[in-house]
Number of protein chains: 2
Amino acid sequence: MADTTQMLKGILDGCLLSIIKEGEIYGYELAAKLESYGFHSFSEGTIYPLLLRMQKEGLVSTTLRKSTAGPKRKYYSLTEKGEQELEQFIIRWTQLSSSVNNVLNKGCFRNDCC
Amino acid sequence: MADTTQMLKGILDGCLLSIIKEGEIYGYELAAKLESYGFHSFSEGTIYPLLLRMQKEGLVSTTLRKSTAGPKRKYYSLTEKGEQELEQFIIRWTQLSSSVNNVLNKGCFRNDCC
DNA sequence: AGCAGTACCTTGCATTACAAGATATATCTT
DNA sequence: AAGATATATCTTGTAATGCAAGGTACTGCT
């Protein structure tokens, strides 16, 4: 306990999908973008395996392009399957976060009371 | 992917602490309470190991009491350390959920814009 | 005795965030 | 040229944890 790492499990997937949906982006840039959204930066050892898995699952497609400084960049964009997955993630996230907020606020069994 | 189980990791801890803070409660009852808060029910194989760990870490204290029907119940209540842990969990949860919402809503870098 | 319901615990598996390190390329400095 | 620096990707091994499946134990009912 006492750190955020466990809380992230399974959540990062959806966040990556959501960022990629905004437009083609490559891994190194993704790390920076996540930080700008309020996540304390992720090591690349976290992001790249995730991207590879999502590629295997057909959620993202990739294109290699030359870089002005450094090796080739691997640009990711969302497939149709990826968009569907993102929608389902948003549903799950909404349910989860409202459940947690219910507990933390000692809320009621339904949202419409109190 | 495609299920909520990974998203829960590390979040359940805080939820248990929060429920226990409301008053003494035993494991079997906790499972039911979680469901009433909107979580689809947890198997006991999830909850008991977690409670044992939190007991070892000194976050909760336990009292055995006879039951009217069945074996003895193990009632949990929060220690001071547990309350501190809960507070820190709430901070972490708030940060995380706002970060995720930023990403999903394609929000800005700060909360005060848009 | 046998059965159902209550209540707790253990074992083994799959997933995943991450540190640490390996690899490759382009630019700048010495 | 040679080396350093920054960019960019990937691999390996570790620890944490949700959960299915199974086991134990106690009470009351038929």
Side-chain angles (χ1 to χ4, degrees), chain A residues 1-17 24-35 39-57 59-60 62-76 89 92 96 99-100, chain B residues 1-17 24-35 39-57 59-60 62-76 89 92 96 99-100:
Chain A
M1 217 131 145
D3 70 332
T4 322
T5 157
Q6 286 299 323
M7 290 178 24
L8 273 170
K9 304 230 170 194
I11 292 175
L12 202 45
D13 300 45
C15 294
L16 292 187
L17 287 176
E24 263 194 343
I25 192 172
Y26 58 99
Y28 202 76
E29 204 182 354
L30 256 172
K33 201 136 196 173
L34 277 172
E35 198 166 8
F39 296 96
H40 35 68
S41 72
F42 291 95
S43 72
E44 292 137 23
T46 300
I47 291 173
Y48 287 114
L50 243 173
L51 288 170
L52 279 175
R53 204 201 64 212
M54 297 201 294
Q55 188 182 354
K56 275 184 195 162
E57 289 176 359
L59 305 179
V60 295
T62 63
T63 321
L64 285 174
R65 301 236 183 91
K66 283 179 190 170
S67 164
T68 53
K72 286 176 190 165
R73 293 169 178 163
K74 200 171 182 180
Y75 283 84
Y76 295 88
F89 168 78
R92 288 202 308 273
L96 175 67
S99 294
V100 174
Chain B
M1 214 125 147
D3 70 332
T4 322
T5 156
Q6 285 300 323
M7 290 177 27
L8 275 169
K9 303 229 173 196
I11 292 175
L12 203 45
D13 301 45
C15 294
L16 292 186
L17 289 176
E24 263 195 342
I25 194 170
Y26 59 99
Y28 202 75
E29 205 182 351
L30 256 172
K33 200 136 199 173
L34 277 173
E35 198 166 8
F39 296 97
H40 34 68
S41 70
F42 291 95
S43 72
E44 293 140 23
T46 301
I47 292 174
Y48 287 114
L50 242 174
L51 288 170
L52 279 175
R53 202 201 66 211
M54 296 202 294
Q55 188 181 354
K56 275 184 196 162
E57 289 178 358
L59 305 179
V60 294
T62 62
T63 322
L64 287 173
R65 300 235 182 92
K66 283 179 190 167
S67 164
T68 55
K72 286 177 190 166
R73 290 169 181 165
K74 200 170 181 180
Y75 283 85
Y76 295 88
F89 168 79
R92 288 202 306 274
L96 174 67
S99 294
V100 174

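Within every chain, numbering begins at 1; the chains are lettered A, B, ... in the order of the sequence lines, protein sequences first and strands thereafter. The figures here come from the full heavy-atom set of this structure, side chains too, leaving out hydrogens, waters and symmetry mates.
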Grab the CZ-P distance between A:Arg53 and D:dC10 for me, whole Å please. 15 Å

Can you name the residues that form a side chain to side chain contact (heavy atoms under 4.5 Å, CB included) with B:Lys9, not counting sequence neighbours? A:Gln6, A:Lys9, B:Gln6

Contact residues, residues 24-32 of chain A to DNA chain C [heavy atom, < 4.0 Å]: none

Taking side chain to side chain contact (heavy atoms under 4.5 Å, CB included) as the test, write out the residues that go with B:Thr63, two or more places apart. B:Glu24, B:Arg65

Starting at CG of B:Leu30, measure out to NZ of B:Lys33 and round the result to the nearest 0.5 Å. 8.5 Å

Roughly, in whole Å, what's the span from NZ in B:Lys56 to C1' in C:dC9? 12 Å

Taking the side chain as every heavy atom from C-beta outward, state whether B:Glu44 and B:Ile47 have any pair of such atoms under 4.5 Å apart. no

Let me confirm one number: the SG-CG distance from A:Cys15 to A:Leu8, rounded to the nearest 0.5 Å. 8.0 Å

With the side chain defined as heavy atoms from C-beta on, A:Ser43 is closest, among C:dT16, C:dA19, C:dA17, to C:dA19

Spatial distance of atom CG (A:Leu96) from atom CE (B:Met7) [nearest 0.5 Å]: 4.5 Å

Just the rounded figure in Å: distance from P of C:dT16 to CD1 of A:Ile11. 12 Å

Can you tell me which nucleotide in D:dT17, C:dT10, C:dA17 comes closest to the side chain of A:Gln6? D:dT17

Closest nucleotide of DNA chain D for A:Tyr48 versus for A:Lys9: which of these residues is on the 5' side? A:Tyr48

Which residues satisfy the side chain to side chain contact (heavy atoms under 4.5 Å, CB included) test with A:Thr46, sequence neighbours excluded? A:Leu12, A:Phe42, A:Ser43

Whole-Å gap separating C1' (C:dA17) and CE (A:Met7): 13 Å

Tell me: CD1 of A:Ile47 to P of C:dC18, nearest whole Å? 9 Å

Between CD of A:Glu44 and P of C:dC18 the distance, given in whole Å, is 12 Å

Contacts of type side chain to side chain contact (heavy atoms under 4.5 Å, CB included), residue B:Tyr26, not counting sequence neighbours: B:Tyr28, B:Glu29, B:Arg73, B:Tyr75

Are A:Tyr76 and A:Leu51 packed together at the side-chain level, in the sense that at least one heavy-atom pair is separated by less than 4.5 angstrom? yes

Within the pair A:Thr46 and C:dC18, is there a side-chain N or O less than 4.0 Å away from OP1 or OP2? yes

Neighbours of DNA chain D within residues 63-76 of chain A, by heavy-atom distance under 4.0 Å: A:Ser67, A:Ala69, A:Gly70, A:Pro71, A:Lys72, A:Arg73, A:Lys74, A:Tyr76

Using atom NZ of B:Lys33 as one end and atom P of C:dA7 as the other, report the distance to the nearest whole Å. 15 Å

Atom pair distance, as rounded to whole Å: CG in B:Leu52 and P in D:dA16: 16 Å

